2 protein chains.
Amino acid sequence: MATTRRDPLTLEVVQLIGSVVARYYEEYDQAAAEHSLTGAQARVLGLLSLEPLPMRRIAQKLKCEPSNVTGIIDRLEGRGLVERRPDPDDRRVKVAAVTETGLTTAGLLRDSLDFAREPLADLSEEERRTLRDLLKRMLGDGSGIDGA
Amino acid sequence: MATTRRDPLTLEVVQLIGSVVARYYEEYDQAAAEHSLTGAQARVLGLLSLEPLPMRRIAQKLKCEPSNVTGIIDRLEGRGLVERRPDPDDRRVKVAAVTETGLTTAGLLRDSLDFAREPLADLSEEERRTLRDLLKRMLGDGSGIDGA
DNA sequence: TATTGTTATACTCTATAACTATA
DNA sequence: TATAGTTATAGAGTATAACAATA
């Protein structure tokens, strides 16, 4: 394995992935900033635009402590992008959901990101298919990243 | 363009790249934490392990304000991993350089990261070559995204 | 006057621990 | 007793503005 890890080709791919990661983050934060959102706020808004979630679930998705979610939701709520709703089945639970404004903002954000990722358009369909398959293999059997 | 951006295959690739980015960051921060370093500290230590740099240059590499570098270097210096040296040619400049201990830590960190990226070993040499070429095309000539 | 690094300030994200209100 | 969310606290990264030393 060490042999495989250290060969020049592998190192080059690793470096390229590093570049992709750097650019992804840079553009993500820039897109968020254009809507006066931090990266974390944009991520949560994106999550909630798919479905409302209890505070606890948001923390799990973000892989952070639940106490942090309070502040992030506070700030999104303060700007009218998100609201807290009671859970009828368990009065301890608060469900965060995007407002109409929040949904619009999330859509704009997604568009900005799609635009930023446009470089993929330079690849032919077959190349994109190849890239997809290689990335899938690289990520393994999907034992879970975003973990649904 | 919009057609290319919106087709299911492209969206799938975009999502996969998102997963790669998420895993990369997760493992990077974890490797850093194993050496009691934050992500930013690990990044700076890695940079300085290649060559000493003036404070200003570090800020440029990190794409952050120079004032932030002061604190990061303070903390690395406080742990004996980095030291500030005067620049003989310009007495305003302070050059940050890794100590011997810092160099060792940077090496261990690099090894952890290589290990974390081992999934690449599942790909054949030809596949890695293909992946390299596709990533290169995706990243373009570095002139930017907007088709600049 | 311009530049380098720093300090001071404020905000956000982060983890930990203690608290509340439910269950 | 256990769980969901919050609060309190502290540390770190970030940007902005003002400052000292040097150019």
Side-chain angles (χ1 to χ4, degrees), chain A residues 22 25-48 52-79 81-97, chain B residues 22 25-48 52-79 81-97:
Chain A
Y25 256 75
E26 201 177 320
E27 293 178 357
Y28 193 98
D29 285 348
Q30 185 186 324
E34 279 163 18
H35 298 278
S36 303
L37 294 169
T38 65
Q41 287 164 12
R43 232 161 290 136
V44 171
L45 190 63
L47 279 176
L48 297 182
L53 291 171
M55 306 299 277
R56 214 86 187 173
R57 293 284 298 125
I58 298 174
Q60 288 167 352
K61 297 261 190 188
L62 258 57
K63 296 186 205 296
C64 75
E65 294 301 314
S67 60
N68 301 324
V69 178
T70 299
I72 297 174
I73 294 294
D74 278 351
R75 291 180 271 279
L76 288 172
E77 194 169 32
R79 290 177 47 191
L81 301 173
V82 157
E83 62 183 12
R84 282 171 167 95
R85 296 176 186 162
D87 181 337
D89 298 341
D90 185 338
R91 290 195 305 176
R92 292 173 304 180
V93 174
K94 287 177 191 166
V95 178
Chain B
Y25 254 74
E26 201 178 320
E27 293 179 357
Y28 192 98
D29 284 349
Q30 184 187 324
E34 279 163 19
H35 298 276
S36 303
L37 294 168
T38 65
Q41 287 164 12
R43 232 162 288 135
V44 170
L45 190 62
L47 279 175
L48 296 182
L53 291 171
M55 306 298 277
R56 213 87 187 171
R57 292 283 299 124
I58 299 174
Q60 288 167 352
K61 297 257 190 190
L62 258 57
K63 296 185 205 298
C64 75
E65 293 301 314
S67 60
N68 302 323
V69 178
T70 299
I72 297 174
I73 294 295
D74 278 352
R75 290 180 272 279
L76 287 173
E77 194 169 33
R79 291 178 47 190
L81 301 173
V82 156
E83 63 183 12
R84 283 171 167 94
R85 296 176 186 161
D87 180 336
D89 298 341
D90 186 338
R91 292 194 305 175
R92 292 172 304 180
V93 174
K94 286 176 192 169
V95 178

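Keep in mind that what you see is a predicted model, and the values were worked out from it rather than measured. The chains referred to below are lettered A, B, ... by the order of the sequence lines, with proteins before strands, and numbering in each begins at 1.
Of the two residues near DNA chain D, A:R92 and A:R84, the one whose nearest nucleotide lies more 5' is A:R92. In this structure, A:P88 and A:L62 both approach DNA chain C, and ranking their closest nucleotides by distance from the 5' end singles out A:L62.
When atom types are taken as modelled, the side chain of A:R79 and the backbone of A:S36 share a donor-acceptor pair closer than 3.5 angstrom.
Distances were taken from every side-chain heavy atom of A:R91 (C-beta onward) to each of C:dT22, D:dT6, D:dA15; the shortest belongs to C:dT22. Nearest to the side chain of B:V93, among D:dA12, C:dG5, C:dT12, sits C:dG5. Residue B:A40 places its side chain closer to D:dG13 than to any other of C:dT12, D:dG13, C:dA17. Side-chain proximity of B:E65 to the nucleotides C:dA15, D:dT16, D:dT7 is greatest for D:dT16.
With rounding to whole Å, A:E77 atom CD is found 13 Å from D:dT6 atom C1'. The nearest whole Å value for the distance from the CG atom in B:D87 to the P atom in D:dT22 is 13 Å. The CD1 atom of A:I73 sits 11 Å away from the P atom of C:dC13 (whole-angstrom rounding). Put simply, CG on A:N68 is 12 Å from C1' on D:dG11, counting in whole angstrom units. Going from atom CD of B:Q41 over to atom P of C:dT14 covers 16 Å, rounded to whole Å. Atom P of nucleotide D:dA12 and atom CZ of B:R79 are separated by 10 Å, given to the nearest angstrom. Per the geometry, CD1 belonging to A:I58 stands 16 Å off C1' belonging to C:dT14, to the nearest Å. In this structure, A:I72 places its CD1 atom 13 Å from C1' of C:dA15, rounding to the nearest Å.
The nearest pair of heavy atoms linking A:P52 to A:A97 is CB-CB, 3.9 Å. Between A:R43 and A:Y25, the shortest heavy-atom contact is NH2-CE2, 4.5 Å.
Backbone-only contact: A:D90 has heavy atoms under 4.0 Å from sugar-phosphate atoms and none from a base. Nucleic acid contact class of A:T38 (heavy atoms, under 4.0 Å, all strands): sugar-phosphate only.
Contact annotation: the side chain of A:L81 approaches that of A:L37 to within less than 4.5 Å [non-hydrogen atoms, C-beta and beyond]. Between B:L48 and B:I58 the shortest side-chain heavy-atom distance falls below 4.5 Å.
The side chain of A:R75 places no N or O atom within less than 4.0 Å of a non-bridging phosphate oxygen (OP1 or OP2) of C:dC11. The phosphate of D:dA21 has neither OP1 nor OP2 within less than 4.0 Å of any side-chain N or O from B:K94. For the pair A:R56 and D:dA4, the criterion of a side-chain N or O lying under 4.0 Å from OP1 or OP2 is met. For D:dA17, neither phosphate oxygen OP1 nor OP2 lies less than 4.0 angstrom from any side-chain nitrogen or oxygen of B:S67.
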